[in-house]
Amino acid sequence: MDTDVSRPSALPTANLSRSYSTQQGQSSTEYLDTVQEQWNQKVDADVDVLVEGMVDLVNLASIGNKDKFIVAQEAFLTQLRAESMVRAAHSLLSVVHSMKLLLLLSDEAQLTHRRDAEMAAVLEEKAATKAKVAKLLDELLQNQSSSSA
């Protein structure tokens with residue numbers, strides 16, 4: 001049967017924005033905040049669809065004297081609401097999949113930069129400690145040579 005209803009594929013799909021490069025005048029932090037806000041809005045909208053759908057399904061499930069028209073209308077509304085909930089759930093799965101991909105494929109430059117900065121700080125601390133130890137050793141040797149003389 002041919003319909004225009006979208007069918008979910010076996011593999012989840014992810015929509016990774018092609019515009020991950022920062023725009024002129026926008027810092028990396030501002031850009032990441034903007035992307036995070038967009039994803040938060042998408043998740044909030046999908047969760048709202050799921051919540052409203054559940055509320056509507058519960059309201060449509062009322063029992064009472066109904067004629068065939070009302071029963072058919074409620075069946076249609078139930079099916080419509082369930083399909084929108086399925087779309088919202090697939091959208092949330094897509095967001096989760098995208099986030100997993102970004103985590104797996106993330107740029108390690110920041111991690112490398114942090115590691116290099118920490119290494120430089122440790123090397124500076126090592127050099128300062130060596131200088132301090134050498135100075136203390138010289139003072140100790142001068143005190144011993146002056147007390148033995």
Side-chain angles (χ1 to χ4, degrees), residues 1-63 73-149:
M1 174 185 250
D2 291 331
T3 65
D4 56 351
V5 176
S6 65
R7 305 264 187 232
S9 64
L11 296 174
T13 58
N15 295 327
L16 298 176
S17 290
R18 301 284 183 229
S19 61
Y20 276 127
S21 61
T22 58
Q23 297 173 356
Q24 253 184 346
Q26 186 179 26
S27 72
S28 177
T29 305
E30 291 170 344
Y31 175 74
L32 291 175
D33 289 342
T34 303
V35 170
Q36 179 183 3
E37 185 60 32
Q38 289 172 350
W39 276 11
N40 283 339
Q41 289 172 354
K42 183 172 180 59
V43 168
D44 289 343
D46 290 338
V47 169
D48 286 343
V49 167
L50 289 173
V51 170
E52 290 171 5
M54 287 301 289
V55 169
D56 287 347
L57 287 177
V58 168
N59 289 337
L60 288 171
S62 64
I63 300 173
Q73 186 179 21
E74 287 180 350
F76 175 73
L77 290 174
T78 301
Q79 192 174 25
L80 185 75
R81 186 53 75 177
E83 287 176 4
S84 69
M85 290 172 65
V86 167
R87 278 193 303 275
H90 279 289
S91 177
L92 287 172
L93 285 174
S94 176
V95 168
V96 169
H97 183 72
S98 296
M99 292 176 81
K100 285 180 183 179
L101 282 176
L102 286 174
L103 179 64
L104 290 173
L105 303 174
S106 66
D107 185 17
E108 294 185 19
Q110 184 179 10
L111 296 174
T112 304
H113 178 67
R114 266 195 229 159
R115 184 184 63 225
D116 291 345
E118 187 175 338
M119 181 69 122
V122 168
L123 290 176
E124 286 177 21
E125 185 178 341
K126 177 182 166 186
T129 304
K130 276 185 176 181
K132 185 176 179 182
V133 167
K135 181 180 174 186
L136 291 173
L137 186 59
D138 286 342
E139 288 176 8
L140 182 64
L141 290 175
Q142 285 178 359
N143 286 342
Q144 283 183 350
S145 63
S146 63
S147 60
S148 57

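Since we're looking at a predicted model, the values are computed, not measured.
Separating the NZ atom in Lys100 from the CG atom in Leu102 is a distance of 13.0 Å, to the nearest 0.5 Å. How far CD of Glu118 is from CG of Leu123: 11.0 Å, rounded to the nearest 0.5 Å. With values rounded to the nearest 0.5 angstrom, Leu92 atom CG is found 13.5 Å from Arg87 atom CZ. Distance check, rounded to the nearest 0.5 Å: NZ of Lys126 to OG1 of Thr129 gives 10.0 Å. Remark: Leu77 CG to Asn59 CG distance equals 11.5 Å, nearest 0.5 Å. The line from NZ of Lys42 to OG of Ser94 is 6.5 Å long, rounded to the nearest 0.5 Å.
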- Message: Run the side-chain contact (heavy atoms from CB on, under 4.5 Å) test on Arg81 and Met85 for me, step by step, so that the C-alpha distance in whole Å, both residues' side-chain angles and the decisive distance to 0.1 Å come before the verdict.
- Response: CA-CA 6 Å; Arg81 186 53 75 177; Met85 290 172 65; 4.3 Å; yes
- Task: For side-chain contact (heavy atoms from CB on, under 4.5 Å), just list the numbers for Leu136 and Glu139, CA-CA rounded to whole Å, side-chain angles, deciding distance to a tenth of an Å, and then say yes or no.
- Result: CA-CA 5 Å; Leu136 291 173; Glu139 288 176 8; 4.0 Å; yes
- Would you please test Asp116 and His113 for side-chain contact (heavy atoms from CB on, under 4.5 Å) and show each step? CA-CA 5 Å; Asp116 291 345; His113 178 67; 5.6 Å; no
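His97 places none of its side-chain heavy atoms less than 4.5 Å from the side chain of Leu93. Contact annotation: the side chain of Val55 never approaches that of Glu52 to less than 4.5 Å [non-hydrogen atoms, C-beta and beyond].
Here the closest heavy-atom approach between residue Ala88 and residue Asp46 is recorded as CB-O, 3.7 Å.
Without hydrogens or angle criteria, Thr78 side chain to Glu74 main chain gives a donor-acceptor distance under 3.5 Å.
Heavy atoms from other residues, nucleotides or ligands lying under 6.0 Å from CD of Gln41 number more than 12.
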